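Here is the structure we will look at.
This one's a predicted model, so the numbers in the text were calculated from it and none came from an experiment. Because only heavy atoms are used, hydrogens play no part in the values below, and waters and symmetry mates are left out as well, while side chains stay in.
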Number of protein chains: 2
Amino acid sequence: MSATIKDVAKAANVSPSTVSRVIADHPKISDETKKRVLAAMKKLNYHPNAIARSLANKSTKTLGLLLPNTDEDLFNNPFFTQAMRGISIYAQKKGYYIMYSYSNNEAQEIEFIKRYIHSKWVDGIILLSAKQEDQCIEYLKNIHYPFVVVGRPKDTHSVLWVDNDNFQAMYNVVTSLIERGYRDIAFIGGPQSFIVTNDRLEGYKRALQGRGIEVDENYILTSEFSEQGGYEGAKKIIEYKVPEAIVTTDDLIAFGVLKAIKENDKQKIAVIGFNNTFLAPYQSPSLSSVDINAEQIGYQAAKLLIDHLEDKEEEEHNKPTHYIVDTKFIERESTKL
Amino acid sequence: MSATIKDVAKAANVSPSTVSRVIADHPKISDETKKRVLAAMKKLNYHPNAIARSLANKSTKTLGLLLPNTDEDLFNNPFFTQAMRGISIYAQKKGYYIMYSYSNNEAQEIEFIKRYIHSKWVDGIILLSAKQEDQCIEYLKNIHYPFVVVGRPKDTHSVLWVDNDNFQAMYNVVTSLIERGYRDIAFIGGPQSFIVTNDRLEGYKRALQGRGIEVDENYILTSEFSEQGGYEGAKKIIEYKVPEAIVTTDDLIAFGVLKAIKENDKQKIAVIGFNNTFLAPYQSPSLSSVDINAEQIGYQAAKLLIDHLEDKEEEEHNKPTHYIVDTKFIERESTKL
DNA sequence: ATGAAAGCGCTAACAC
DNA sequence: GTGTTAGCGCTTTCAT
């Protein structure tokens with residue numbers, strides 16, 4: 001039905017290869033014929049068939065995005081939509097398409113990865129969550145398939161990744177708390193299986209130690225990535241010993257903490273969230289949180305992968321292999337009590 | 001590098017067409033050769049090249065998903081991720097891939113649609129938001145391209161769509177409020193450019209009228225799709241005349257309303273959200289909300305489109321052209337005061 | 001039931 | 001600079 005390269009060739013009185021050359025913006029083509037071909041394209045409303053190009057080029061210009069295998073709440077976390085938007089923005093800029101699939105568990109995740117790769121649908125893969133023992137990373141590394149992971153993997157050797165400096169971010173937050181006179185600071189994090197949890201926990205511990213405050217293991221809780229987790233964690237901690245501040249690894253957790261605090265009438269406890277989600281300003285008290293710039297993370301992840309893909313031929317010499325996105329502490333009422 | 005259909009053919013001592021037939025599960029193939037071919041596939045670790053198949057079949061088995069052209073807050077609304085998940089689930093079940101793109105405005109949205117269509121990347125398109133005057137719908141309808149829209153379009157003629165019965169849902173909520181003795185009920189909705197806003201507003205009005213309560217236009221506000229909008233709207237309404245209840249068209253708006261109510265110390269005002277987002281239970285008071293089952297909406301949208309695509313040949317006689325997903329009122333503290 | 005051959009729409013040597 | 005030709009990996013008549 002729609003015009004092909006041959007139709008254009010005929011209409012412009014040139015050969016198909018010439019048309020192909022103007023599509024690819026080949027240098028050695030006379031302005032005159034180029035003009036004629038372009039005109040023929042317009043006239044016939046011609047658009048290159050991407051499938052045919054992909055087959056001939058052995059490249060689809062599309063990326064496969066793997067959404068995390070996890071429970072509902074985590075996926076509802078705005079982090080993912082923001083990262084997806086960032087990915088989409090850079091991809092669009094470079095003319096790449098994005099496919100996504102949502103998996104329920106790691107086995108399924110690997111299955112989808114294989115499907116993407118074997119079917120030749122994608123040129124590269126973006127992993128949207130790095131766990132401590134991530135089989136997807138292992139698999140992709142082994143077969144030397146181009147991929148990037150959002151979140152620092154356990155072993156960064158020869159893998160592209162982008163993340164915040166989670167250690168530093170939490171370190172800074174806790175240090176600033178200490179400098180203002182807080183000493184009894186508790187920590188509630190998500191599951192330990194996530195690297196990000198451990199990084200932030202480490203930052204918390206080191207900040208305390210750096211100021212000569214002993215780490216109290218009873219002040220450290222990791223649980224679900226949910227308000228429920230924060231709520232229950234905070235109750236447990238308050239029961240143990242009322243702290244002056246509670247730092248968390250996610251706003252969702254912090255929301256739960258705020259609720260528990262209110263119920264226990266311990267309103268002087270400072271609370272800090274992470275990820276600066278859009279509802280943080282609308283808590284009462286409004287929640288201080290660390291903005292991790294999720295959109296930028298997604299953007300840089302796409303950039304790392306696509307740039308890597310495009311530069312395949314020119315030796316992969318000094319290409320950066322990871323990118324650290326800045327965080328920013330957003331102070332609100334929950335730390336100004 | 002990887003095995004092609006020819007390699008398999010050679011290994012199994014048959015012709016490529018025979019291999020192709022077993023891939024497509026063609027009936028006229030002897031069990032014996034089928035077995036031999038399958039064995040060869042395993043041995044060579046053969047996987048069909050989807051691009052080549054697509055080119056020959058003129059069908060990619062992939063769908064293009066258009067994320068709404070709108071401000072940040074709206075996209076952060078969990079509705080979209082839930083719908084995306086539903087879409088993904090049905091698509092995966094039927095072996096379809098999903099591509100998404102995020103657009104900033106309607107012009108860009110149409111541009112992406114054209115790109116998807118012209119490049120032949122997708123077999124159909126899913127629109128993730130129906131506005132009153134939706135140019136995308138107009139465009140797709142005109143060129144008779146297969147698509148489905150999430151949300152009831154203004155003109156439903158010859159378009160596939162899935163939605164809640166937003167009129168009925170709001171009608172029921174308001175009626176139940178009236179039956180419990182509430183009379184001064186205000187309404188705060190999102191932008192009027194969204195059909196869903198009008199449907200819910202209509203349900204609100206009719207419910208009042210049905211019980212002989214006059215509609216007070218000062219009790220009706222539409223604004224941004226955000227907490228900010230709810231917050232400011234509620235303040236305005238309270239200033240005008242303190243209502244007994246405020247119904248909203250979105251939890252985000254309701255969150256803002258709750259905040260305004262607290263600040264004004266008007267805690268007896270009942271509040272109802274919409275979409276039953278995951279944070280609704282974590283407000284204080286916990287927020288009563290209408291669960292719209294977004295995942296189901298996405299699932300049914302994908303189903304409608306894919307089933308339509310697959311049945312192209314067999315006359316399109318009695319195929320359903322839309323689907324209504326049930327809503328459910330989830331009562332919490334905010335309506336039990 | 002199976003094979004031969006043409007074709008899907010585009011690209012990339014290789015010639016001139 | 002431009003045309004010719006041979007694929008890319010698969011499907012599908014049309015034979016047999």
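- With hydrogens and angles left out, the side chain of A/S17 and the base of D/dT4 share a donor-acceptor pair within 3.5 Å.
- For the 3.5 Å distance criterion, the side chains of A/E310 and A/Y96 qualify, holding a donor opposite an acceptor.
- Atom C1' of nucleotide D/dT2 and atom NZ of A/K28 are separated by 12 Å, given to the nearest angstrom.
- For D/dT12, the OP1/OP2 oxygens have no side-chain nitrogen or oxygen of B/S20 closer than 4.0 Å.
- Nearest-nucleotide positions on DNA chain C for B/R21 and A/P16 put B/R21 closer to the 5' end.
- A side-chain donor-acceptor contact under 3.5 Å links A/S54 to the backbone of A/A50.
- The stretch residues 8-15 of chain B touches DNA chain C through B/N13, B/V14, B/S15, each having a heavy atom within less than 4.0 Å of the strand.
- In this pair, A/Y90 and A/Y299 present their aromatic rings perpendicular. The plane angle is above 60°, beyond the 30 to 60° band.
- Contacts between residues 35-60 of chain B and DNA chain C, defined by a heavy-atom separation under 4.0 Å, are made by B/L55, B/A56, B/K58.
- By the 30° and 60° cut-offs, the orientation of the rings of A/W121 relative to B/Y97 is perpendicular.
- The distance between atom NZ of A/K6 and atom C1' of C/dT11, rounded to the nearest whole Å, is 13 Å.
- For A/S30, the side chain to side chain contact (heavy atoms under 4.5 Å, CB included) partners at least two apart in sequence or on another chain are A/E32, A/T33.
- In this structure A/D7 satisfies the salt bridge (charged side-chain N to carboxylate O under 4.0 Å, His left out) test with no other residue, sequence neighbours excluded.
- Using modelled atom types, no side-chain atom of B/N57 and backbone atom of B/S59 make a donor-acceptor pair closer than 3.5 Å.
- The minimum heavy-atom distance linking B/L304 with B/W161 is given by the pair CD2-O, 3.4 Å.
- In this structure, B/I5 atom CD1 and D/dC8 atom P are separated by 13 Å, rounded to whole Å.
- Taking the C1' atoms of five terminal pairs at each end of the helix from C/dA1-D/dT16 to C/dC16-D/dG1, the two resulting helix axes are inclined by 30°, rounded to 10°.
- In this structure, A/G64 and A/V122 approach most closely via the heavy-atom pair N-CG1, 3.6 Å.
- Between the CD atom of B/E32 and the C1' atom of C/dA1 there is a distance of 12 Å, given to the nearest Å.
- In terms of phosphate contacts, B/T33 brings no side-chain nitrogen or oxygen within less than 4.0 Å of OP1 or OP2 of C/dA1.
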All N/O donor-acceptor pairs, side-chain side in residues 8-18 of chain A, below 3.5 Å, sequence neighbours left out:
residue : atom : partner : partner atom : Å
A/S15   : OG   : A/S17   : N            : 3.4
A/S15   : OG   : A/S17   : OG           : 2.8
A/S15   : OG   : A/T18   : N            : 3.4
A/S15   : OG   : A/T18   : OG1          : 3.3

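- The base of C/dA1 is not paired with the side chain of B/T18 by any donor and acceptor separated by under 3.5 Å.
- Judged by distance alone, the side chain of A/Y323 and the main-chain N or O of A/K303 form no donor-acceptor pair under 3.5 Å.
- What separates NE2 of B/H118 from P of C/dC10 is a distance of 13 Å, to the nearest Å.
- Distance alone, capped at 3.5 Å, places no donor-acceptor pair between the A/Q135 side chain and the A/E106 backbone.
- Distance CG (B/D7) to P (D/dG9): 9 Å, rounded to an integer number of Å.
- In this structure, A/K61 atom NZ and C/dT11 atom C1' are separated by 15 Å, rounded to whole Å.
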